[in-house]
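Everything on this sheet refers to the single structure shown next.
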2 protein chains.
Amino acid sequence: MADLRRPERTFTIRQLCNEFKATPRALRFYEDKGLLNPAREGLNRVYSHKDRVRLQLILRGKRVGLSLTEIRELLDLYDENDEGAAQMARSLKKFRERANALEQQREDIDNALIELREACNRLEKRLAEIRPDLLPRAADYEQVLRARLDGHAEAMLGK
Amino acid sequence: MADLRRPERTFTIRQLCNEFKATPRALRFYEDKGLLNPAREGLNRVYSHKDRVRLQLILRGKRVGLSLTEIRELLDLYDENDEGAAQMARSLKKFRERANALEQQREDIDNALIELREACNRLEKRLAEIRPDLLPRAADYEQVLRARLDGHAEAMLGK
DNA sequence: GTCAACGCTTACGTAAACGTCAACTTTGCA
DNA sequence: TGCAAAGTTGACGTTTACGTAAGCGTTGAC
């Protein structure tokens, strides 16, 4: 039995899907878009170790909000040149741009949150005057809290 | 000449567009989707004072990231009942939900930013070792900064 | 008289990232 | 051998919020 980590090891589409929680359709889609290029064994796709790495990069790119097109451009850079330096510089640039965009998004979200909280306050105030019984209270929030079983429930409660 | 603020005052589609920086297409679209219902004078749309308020609410909803469908539901609530209390409660609930969603999004963004910064650091480190001349430096950022002529350039620079 | 500005309706186009069939082939195994 | 599981290739559907004509009517200015 070969070492699972030996570079010669290959993967089926579903193995990668299970490992990275993707769907076959997605992998084929990435291939369609030129982000992946697995070998074939007859018709079947055979993913190499390098393909697996590429997939990881794709998913990482997605997590930080790059479009598939952008990801493809980055991947292409790594391929074209024989081990990158200029490419790394370009990746770095791209990443910094994305970071800036994300910071902008955060600002937008913060503004929206401010507006929302103002609206909430106004509504709460008027409801308290007119129909205090209708005010959604802590009990209503337990659902929300239970829905996210992770650790920041306390943080949400304000300490 | 009538007082511009008199409630009887009406607006043409372009007046509202100019005031709120929307396009006629957008207002017609909102109408199509049941968010607006301006009167007609022949074929032409005539927006009342109330329509203007509705439009304001629509745009506010959009700013905080509600979908047109959600906005419509909220607007409908205000219409159905004879001046709301239950509706206010429901709006409040919706707003709070949206606030929670936005906070979640902020977290996602923060995570992406962490991942991005790690990647940037790795790249910078390796580039510094291998080809320090390719390291994008402050000069490259002036473009970015110039691209946003507003006031937080200093904030971006770190104080 | 005629051109520009504004308005109207109808309807197709767009972008992103797949989901969801349909219809087939291949492979393993009991 | 006979069926189910997993693979394949198209190709159309989905969602959101409009953009972008195309083709036509109305009104005011020159």
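Every chain is numbered from 1 and lettered A, B, ... according to where its sequence line falls, protein lines coming before strand lines. What you see below is based on every heavy atom in this structure, not just the backbone, and it leaves out hydrogens, waters and symmetry mates.
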Legend entry - Phosphate OP1/OP2 of C:dC6: any B:T12 side-chain N/O under 4.0 Å: no
Legend entry - Reading 5' to 3' through nucleotides 14-19 of chain C, protein heavy-atom contacts under 4.0 Å coded B for base, S for sugar-phosphate only, - for none: ---BBB
Legend entry - Under-4.0 Å side-chain N/O to phosphate OP1/OP2 contact, B:R45 with C:dG7: no
Legend entry - Carboxylate-amine/guanidinium contact B:E73 B:K93, below 4.0 Å: no
Inset, instruction - Report which part of the nucleic acid A:R28 touches: base, sugar-phosphate, or nothing (heavy-atom distance under 4.0 Å, all strands). - result: base
Inset, instruction - For B:L16 and C:dG7, give me the distance from atom CG to atom P, rounded to whole Å. - result: 10 Å
Inset, instruction - Run the salt-bridge test on B:E70 and B:R98 with the 4.0 Å N-O cut-off and return the result as yes or no. - result: no
Inset, instruction - Would you kindly give the CD-to-C1' distance between A:E41 and D:dG7, to the nearest whole Å? - result: 12 Å
Legend entry - Length of the line joining B:L35:CG and D:dT16:P, which is rounded to integer Å: 13 Å
Inset, instruction - For A:D108 and A:Q104, test the side chains for any donor-to-acceptor distance below 3.5 angstrom and give the result as yes or no. - result: yes
Inset, instruction - Decide whether B:L43 and B:Y47 are clustered together by the hydrophobic rule: side chain heavy atoms of Ile, Leu, Val, Met, Phe, Trp, Tyr closer than 4.5 Å, transitively. - result: no
Inset, instruction - Supply the atom-to-atom distance A:F11 CZ to A:H49 NE2, rounded to the nearest 0.5 angstrom. - result: 5.5 Å
Legend entry - Contact nearer the 5' end of DNA chain C, comparing B:N44 with A:N44: B:N44
Legend entry - Carboxylate-amine/guanidinium contact B:R28 B:D32, below 4.0 Å: no
Legend entry - Separation of atom CZ in A:R40 from atom P in C:dT25, rounded to whole Å: 17 Å
Inset, instruction - Could you check how far CD of A:Q15 sits from P of D:dA5, rounded to whole Å? - result: 18 Å
Legend entry - Rounded distance in Å - CG (B:N18) to P (C:dA5): 15 Å
Inset, instruction - Answer yes when A:R45 and A:E31 have at least one side-chain N-carboxylate O distance shorter than 4.0 Å, and no when they do not. - result: yes
Inset, instruction - Rounded to the nearest angstrom, tell me the gap between atom CD in B:E31 and atom C1' in C:dT10. - result: 14 Å
Inset, instruction - Calculate the interatomic distance between B:I58 atom CD1 and D:dT16 atom P; express it in whole Å. - result: 16 Å
